[in-house]
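Take a look at the structure set out below.
Within every chain, numbering begins at 1; the chains are lettered A, B, ... in the order of the sequence lines, protein sequences first and strands thereafter.
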2 protein chains.
Amino acid sequence: MHSISKENYLKTVYHSAGGSGEQVATSKLADKLEVSNAATSEMARKLSDAGLVNYARYKGVGLTESGEKIALQVLRRHRLWELFLIEILGMSWGEVHDEAERLEHCTSDTLINKIEEHLEFPKFDPHGSPIPDREGNLPAMPTLIPINQSVAGDTYIISKVVDQSSELINHITSLGIHLNSKIMIVDKLDFDESVRIKIGNEVHSLSKKVSEHIFVSELNNQDKI
Amino acid sequence: MHSISKENYLKTVYHSAGGSGEQVATSKLADKLEVSNAATSEMARKLSDAGLVNYARYKGVGLTESGEKIALQVLRRHRLWELFLIEILGMSWGEVHDEAERLEHCTSDTLINKIEEHLEFPKFDPHGSPIPDREGNLPAMPTLIPINQSVAGDTYIISKVVDQSSELINHITSLGIHLNSKIMIVDKLDFDESVRIKIGNEVHSLSKKVSEHIFVSELNNQDKI
DNA sequence: AGACCAAGTTAAGCATCCTTAAAAATAAAG
DNA sequence: CTTTATTTTTAAGGATGCTTAACTTGGTCT
């Protein structure tokens with residue numbers, strides 16, 4: 001296994017490169033990792049020697065295939081842990097990030113696979129980010145639309161909630177809305193642009209403001225949590 | 001938080017000192033931690049400077065009060081993780097030790113308390129070892145005897161297995177012996193000091209060596225796991 | 001007691017990952 | 001196109017935690 005530092009560098013390169021294999025400036029990594037520029041330059045050379053990044057002096061770093069593989073494994077561990085801590089242990093959104101940040105570096109394949117199994121092979125983490133599978137493949141992202149742009153009569157899956165203010169979260173949680181809840185759009189009222197939705201057998205009304213912060217995906221587009 | 005190395009040294013001192021605050025030879029620690037004697041001497045000095053152990057050259061180390069506190073916290077994390085991995089995630093005895101060995105060093109109080117809560121405040125880990133509570137207090141232990149000191153004809157509960165080598169664990173697991181299994185002592189053979197036990201309807205023979213590592217408690221003496 | 005052996009300690013050095021400060025390369029401006 | 005400013009890299013050094021090799025110390029044997 002690679003050192004915690006190396007894993008964090010690779011993860012940060014992955015995030016900074018925005019998916020594609022762009023080159024990332026060492027200074028950008030230094031900012032994100034909160035270390036000196038000198039430290040990132042040195043690490044860039046080491047990771048390059050190890051074949052995990054492409055690095056040419058003054059040109060930034062980009063992940064190689066094997067580097068990306070490791071970054072995706074770290075990401076997988078992070079996102080599965082976050083989901084697990086929230087779903088199974090009842091921790092709050094605010095608490096889980098730092099915890100997962102540490103656990104992601106000391107979790108064997110065996111353990112993370114058990115966690116994945118226990119969560120019934122989720123595809124997305126509590127923030128709606130995709131969880132790489134055992135081979136490092138990312139699931140297809142559903143097309144997300146804010147709930148106020150949904151079509152009355154159609155059925156959707158709650159896929160993402162932006163703005164993590166506890167007020168909003170508590171409000172929608174109290175209505176029985178959770179990530180991956182199945183909902184049906186009853187109707188949309190013109191006069192206040194609110195949306196009425198059906199969850200299970202209950203119908204609730206969502207204000208315009210609330211409905212803008214909840215994103216849904218079409219049912220067929222989504223296999224399972 | 002203290003470094004992983006420091007936590008491991010303190011834990012090892014605790015285990016080696018056998019509960020009471022005896023002095024432990026640095027060479028004994030070196031053996032258990034699989035590092036050189038030089039490394040333990042140096043660490044002894046550092047831990048002593050930090051007030052975590054009593055250390056006089058050539059006289060070994062012993063935990064101070066604050067050192068023992070840390071050791072017990074590490075122990076608490078280790079044992080709760082082991083139990084959690086087995087009970088909640090369905091991992092095997094053989095798998096959990098190494099896993100817990102890593103997790104114990106990157107688990108916040110918040111998380112370990114959640115785990116404790118989820119397990120409904122267990123008192124003993126999967127090996128029958130006591131789990132320190134949040135204040136570092138150990139629960140009262142049931143009276144344990146090694147199986148080779150049991151009385152033929154009597155019935156007991158498997159309460160503890162020492163030596164966590166996967167070989168031993170796998171062996172006894174394959175015989176159907178688990179923590180809290182009820183067993184009956186069939187007889188004890190003088191010529192090789194082996195013990196024959198009955199589990200369910202099967203009778204198995206345990207060598208002297210194996211029988212020394214399995215501890216049982218009398219049937220009425222046992223509250224819960 | 002004196003000599004000897006084993007246990008324990010110090011010394012020197014290495015790997016990792018970080019720092020600050022100086023030097024070099026690139027980019028920008030006149 | 002040269003000078004300046006900015007970014008990036010190298011150099012030197014520190015902390016941690018380990019190694020091997022040499023040296024003390026303590027205990028034992030005669």
Side-chain angles (χ1 to χ4, degrees), chain A residues 1-17 22-63 67 70-71 74 98 101-102 104-106, chain B residues 1-18 22-63 66-67 70-71 74 98 101-102 104-106:
Chain A
M1 204 185 259
H2 295 86
S3 71
I4 294 176
S5 265
K6 290 205 174 67
E7 288 192 346
N8 277 331
Y9 273 87
L10 294 173
K11 190 180 62 168
T12 305
V13 174
Y14 182 90
H15 277 130
S16 304
E22 295 161 38
Q23 296 296 108
V24 177
T26 54
S27 55
K28 193 169 179 184
L29 296 178
D31 276 0
K32 296 213 180 190
L33 290 163
E34 297 185 286
V35 297
S36 66
N37 286 339
T40 50
S41 279
E42 193 183 355
M43 186 59 93
R45 196 178 38 69
K46 284 187 198 166
L47 292 175
S48 179
D49 289 350
L52 300 173
V53 298
N54 300 117
Y55 171 57
R57 287 157 68 247
Y58 298 98
K59 301 295 182 189
V61 297
L63 293 177
I70 293 170
V74 177
D98 288 354
E101 201 74 17
R102 271 175 283 118
E104 69 188 7
H105 304 295
C106 54
Chain B
M1 206 184 262
H2 295 85
S3 71
I4 294 176
S5 265
K6 290 207 173 68
E7 288 192 346
N8 277 331
Y9 273 88
L10 293 172
K11 190 180 61 168
T12 306
V13 174
Y14 183 89
H15 276 131
S16 304
E22 295 161 38
Q23 297 295 109
V24 178
T26 54
S27 55
K28 193 169 179 184
L29 296 178
D31 277 1
K32 296 213 179 191
L33 289 163
E34 296 185 286
V35 297
S36 66
N37 286 338
T40 51
S41 278
E42 194 184 353
M43 186 58 94
R45 196 179 38 70
K46 283 186 196 168
L47 292 175
S48 179
D49 289 350
L52 301 173
V53 297
N54 301 116
Y55 172 56
R57 286 156 68 246
Y58 299 100
K59 303 294 182 190
V61 297
L63 293 176
S66 54
I70 293 170
V74 177
D98 289 354
E101 200 74 16
R102 270 175 284 118
E104 69 189 8
H105 303 296
C106 54

key: Interatomic distance, B:Tyr9 atom OH to B:Met43 atom CE [nearest 0.5 angstrom]   = 5.0 Å

inquiry  = Can you list, in residue-number order, the parts of residues 45-52 of chain B that come under 4.0 Å of DNA chain D, counting heavy atoms only?
reply    = B:Lys46

remark   = The nucleotide from C:dT10, C:dT9, C:dT19 with an atom nearest the side chain of B:Asn37 is C:dT9

message = Please check this pair: side chain of A:Thr40 against backbone of A:Thr26, looking for a donor-acceptor N/O pair closer than 3.5 Å.
response = yes

ask   = Nearest-Å distance, CG (B:Asp31) to P (C:dA7)?
value = 10 Å

message = If you take any heavy atom closer than 4.0 Å to DNA chain C, which residues from residues 1-10 of chain A end up in contact?
response = A:Ser3, A:Ser5, A:Lys6, A:Tyr9

request  = Give, for atom NZ of A:Lys11 and atom NZ of A:Lys32, the distance between the pair rounded to the nearest 0.5 Å.
outcome  = 11.0 Å

note = Of A:Leu29, A:Leu52, A:Leu47, the one forming a side chain to side chain contact (heavy atoms under 4.5 Å, CB included) with A:Val61 is A:Leu29

message = Please check this pair: side chain of A:Ser48 against backbone of A:Ala44, looking for a donor-acceptor N/O pair closer than 3.5 Å.
response = no

key: CD1-CG distance between A:Ile70 and A:Leu10, expressed to the nearest 0.5 angstrom   = 5.5 Å

query = C:dT10 phosphate, OP1 or OP2: any side-chain N/O from B:Ser41 under 4.0 angstrom?
reply = no

remark   = Judged by nearest nucleotide, the residue sitting upstream toward the 5' end of DNA chain C, A:Met43 or B:Arg57, is B:Arg57

Interatomic distance where CG belongs to B:Leu33 and P belongs to C:dG8 [whole Å] = 14 Å

message = Here's a test for you: under side chain to side chain contact (heavy atoms under 4.5 Å, CB included), which of A:Glu7, A:Met1, A:Lys6 qualifies with A:His105?
response = A:Glu7

task = To the nearest 0.5 Å, tell me how far A:Ser36 OG sits from A:Glu42 CD.
result = 8.5 Å

remark   = Taken to the nearest 0.5 Å, the spacing of A:Tyr55 OH from A:Ser41 OG works out to 4.5 Å

query = To the nearest Å, how far apart are A:Glu42 CD and C:dA21 P?
reply = 17 Å

task = Please determine, for the side chain of B:Ser27, which listed nucleotide (C:dT19, C:dT10, C:dG8) has the closest atom?
result = C:dG8

request  = Might you work through the side chain to side chain contact (heavy atoms under 4.5 Å, CB included) test for B:Arg102 and B:Ile4, ending with a clear yes or no?
outcome  = CA-CA 9 Å; B:Arg102 270 175 284 118; B:Ile4 294 176; over 6 Å; no

ask   = Roughly how far, to the nearest 0.5 Å, is CG of B:Asp31 from OG of B:Ser16?
value = 9.5 Å

key: Sugar-phosphate, base or nothing in reach of B:Ala25, heavy atoms under 4.0 Å   = sugar-phosphate

remark   = chain B reaches DNA chain D, atoms under 4.0 Å from its heavy atoms, from D:dT16 to D:dT25

